[in-house]
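Let me begin by presenting the structure, written as structure tokens, before commenting on it.
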Amino acid sequence: MPQINSLLVTLKKTLKSHGLTYAQVATHLDLTEASVKRLFSEQQISLQRLEQICQLMQMEISDLVQLMNDQQPQLQQLTQEQEEEITRDITLLLITVCVLNRWTLEEILEWYKLSESECLKKLIRLDKLNIIELLPKNKIKLRVANNFGWREGGPIQRFFQDKLAQEFFNSRFEGNDECLLVLNGMLSPASNLEFQRKLKRFAREFEELNQQDSSLPLEKRNGVSVVFAIRNWRYGLFKPLLKR
């Protein structure tokens with residue numbers, strides 16, 4: 001029902017943007033204006049009538065659905081409390097990471113030792129957090145914006161820093177799918193900011209590739225993590241040699 005309501009709200013807005021009235025829709029459908037108003041108020045528009053209305057606007061039903069999806073508010077960030085809730089439940093965190101990488105329920109169950117009921121319970125929680133919309137037949141629809149990210153210095157970012165940093169860097173980074181660059185230099189504040197802007201651009205390009213590959217089957221995608229970091233820092237090893 002929520003999707004039907006959203007679709008009809010989008011339909012009304014689109015009719016208005018095309019300068020079309022209920023009276024004009026009624027004429028096109030060979031109905032009275034009162035009948036058309038009743039169809040909208042009772043949400044009883046059949047697919048055939050919906051297609052006819054879309055034809056009046058020189059659109060396909062798929063165009064209307066795309067407009068509906070584009071108009072849905074998308075989540076850019078969780079609250080501090082929501083992130084804390086996720087970090088307290090390792091299973092919820094696991095499933096959150098999976099759905100953000102566009103895994104299906106079947107794929108999660110295939111890869112992890114979770115019961116379907118346990119997994120659904122966590123998905124329902126993510127639905128309430130507005131990260132996903134759990135559709136009929138347990139299909140998962142993401143409700144996050146393309147620029148969704150964890151809070152800077154927030155609970156989830158700290159969790160990964162504290163728990164996973166050592167494991168992440170426990171590699172020689174010699175494989176074809178690995179790369180480690182360590183750069184040292186001395187930059188002015190202006191150059192530092194310029195380099196940070198470039199890092200953020202690389203991050204956007206990574207997300208574009210991630211979006212591009214999201215339609216591929218899971219077996220053709222590999223989980224990767226990228227760490228970009230820059231800070232004013234001196235090796236602790238050299239501290240005893242510093243005069244100030």
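Values below: every heavy atom of this structure, side chains too, minus hydrogens, waters and symmetry copies.
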## Note on the structure
Heavy-atom nearest pair, L105 first then C119, reads CD1-SG, 3.4 Å
### Query
Can Q44 and R38 be said to form a side chain to side chain contact (heavy atoms under 4.5 Å, CB included), step by step?
CA-CA 8 Å; Q44 296 294 326; R38 187 165 57 251; over 6 Å; no
### Task
Kindly write out the residues that satisfy side-chain contact (heavy atoms from CB on, under 4.5 Å) with L56, not counting sequence neighbours, or none if the list is empty.
L20, V25, H28
### Query
Within a radius of less than 6.0 Å around CG of L209, do more than 12 heavy atoms belonging to other residues, nucleotides or ligands occur?
yes
### Message
Let me check something: do V226 and F202 share a hydrophobic cluster, defined by ILVMFWY side-chain heavy atoms less than 4.5 Å apart, either directly or through other members?
### Response
yes
### Query
Within the side chain of E83, is there an N or O that forms a donor-acceptor pair under 3.5 Å with the backbone of I156?
yes
### Task
Verify, without hydrogens or angle tests, whether S191 (side chain) and L187 (backbone) share a donor-acceptor contact under 3.5 angstrom.
no
### Message
Between E33 and K37 (salt bridge meaning N to carboxylate O under 4.0 Å), is one present in this structure?
### Response
yes
### Query
Do side-chain atoms of R221 reach the backbone of N101 as a donor and acceptor pair under 3.5 angstrom?
yes
### Task
Verify side chain to side chain contact (heavy atoms under 4.5 Å, CB included) between R204 and R201, making sure each step is shown before the conclusion.
CA-CA 5 Å; R204 290 193 296 271; R201 188 184 71 227; 3.6 Å; yes
### Message
Looking at Q58, I want to see if its CD is surrounded by more than 12 non-hydrogen atoms of other residues, nucleotides or ligands under 6.0 Å.
### Response
no
### Query
If you count the non-hydrogen atoms of other residues, nucleotides and ligands that lie under 6.0 Å from NZ in K12, is the total more than 12?
yes
### Summary
Sequence neighbours excluded, the answer for side-chain contact (heavy atoms from CB on, under 4.5 Å) partners of E178 is S171, F173
#### Entry: Partner set under ring-ring contact (aromatic ring centres under 6.0 Å, His included) for F40, not counting sequence neighbours
Y22
### Task
Could you tell me whether E85 and R125 have a side-chain N and a carboxylate O separated by less than 4.0 Å?
yes
#### Entry: Backbone of T104 reached by a side-chain donor or acceptor of E107 within 3.5 Å
yes
### Hphob cluster co-occupancy, W111 + I140, side-chain heavy atoms under 4.5 angstrom
yes
### Query
Any salt bridge between R143 and D127, counting N to O under 4.0 Å?
no
#### Entry: E60 CD: over 12 foreign heavy atoms closer than 6.0 Å
no
### Query
If you measure from CD on E208 to CD on E205, what distance do you get to the nearest 0.5 Å?
6.5 Å
### Task
Kindly indicate whether the side chain of I132, heavy atoms from C-beta on, has any atom under 4.5 Å from the side chain of K141.
no
### Query
Hey, is CG on D30 packed in by over 12 heavy atoms from elsewhere, all under 6.0 Å?
no
### Query
Is there a side-chain contact between F159 and I86 (heavy atoms, below 4.5 Å)?
no
### Message
Hydrophobic clusters here meaning ILVMFWY residues chained together by side-chain heavy-atom distances under 4.5 Å, can you tell me if L199 and W150 are in one?
### Response
no
### Query
Hey, does the side chain of R151 reach the backbone of Q77 with a donor-acceptor pair shorter than 3.5 angstrom?
no
### Message
Within the structure provided, determine whether L120 and N138 are in side-chain contact (heavy-atom separation under 4.5 Å).
### Response
yes
#### Entry: Nearest heavy atoms of A203 and F228, plus distance in Å
N-CE1, 3.9 Å
### Pair S17-T14, side-chain donor/acceptor within less than 3.5 Å
no
### Task
Check the pair E207, Q211 against side-chain hydrogen bond (donor to acceptor under 3.5 Å, both in side chains), reporting the backbone distance first and the verdict last.
CA-CA 6 Å; E207 183 54 36; Q211 293 279 347; 3.2 Å; yes
#### Entry: More than 12 heavy atoms of other groups within 6.0 Å of Q48 CD
no
### Summary
One should read off an interatomic distance between I108 CD1 and E116 CD, to the nearest 0.5 angstrom, of 11.0 Å
#### Entry: Minimum heavy-atom distance between L92 and K122, given as atom pair plus value
CD1-O, 3.7 Å
#### Entry: Smallest separation among heavy atoms of R158 and G153, with atom names
NH1-O, 2.7 Å
### Task
Taking all non-hydrogen atoms of both residues into account, name the closest pair between I95 and L114 and its distance.
CD1-CD1, 4.1 Å
### Task
Walk me through it: do I53 and L15 pass the test side chain to side chain contact (heavy atoms under 4.5 Å, CB included)?
CA-CA 9 Å; I53 297 172; L15 285 168; 3.9 Å; yes
### Query
If you measure from CD1 on I230 to CZ on F195, what distance do you get to the nearest 0.5 Å?
5.5 Å
### Query
Measuring from E42:CD to L8:CG, what's the distance to the nearest 0.5 Å?
12.0 Å
### Verify same cluster id: V97, L123 (apolar side-chain graph, 4.5 Å)
yes
### Query
Does atom CZ of F168 have more than 12 heavy-atom neighbours, drawn from other residues, nucleotides or ligands, at distances under 6.0 Å?
yes
#### Entry: Closest non-hydrogen atom pair, S214 against R102
CB-CD, 2.9 Å
### Message
Other residues, nucleotides and ligands only: do more than 12 of their heavy atoms fall within 6.0 Å of CZ on R172?
### Response
no
### Query
Under 4.5 Å between any side-chain heavy atoms of I131 and L100, yes or no?
yes
### Message
Hydrophobic cluster membership, with links at side-chain heavy-atom distances under 4.5 Å among I/L/V/M/F/W/Y: are V182 and F169 in one?
### Response
yes
### Reported OG1-to-CG distance for the pair T87 and L93, which is rounded to 0.5 angstrom
7.5 Å
### Query
Can you list the steps and then say if L134 with L126 is a side chain to side chain contact (heavy atoms under 4.5 Å, CB included)?
CA-CA 9 Å; L134 195 56; L126 293 180; over 6 Å; no
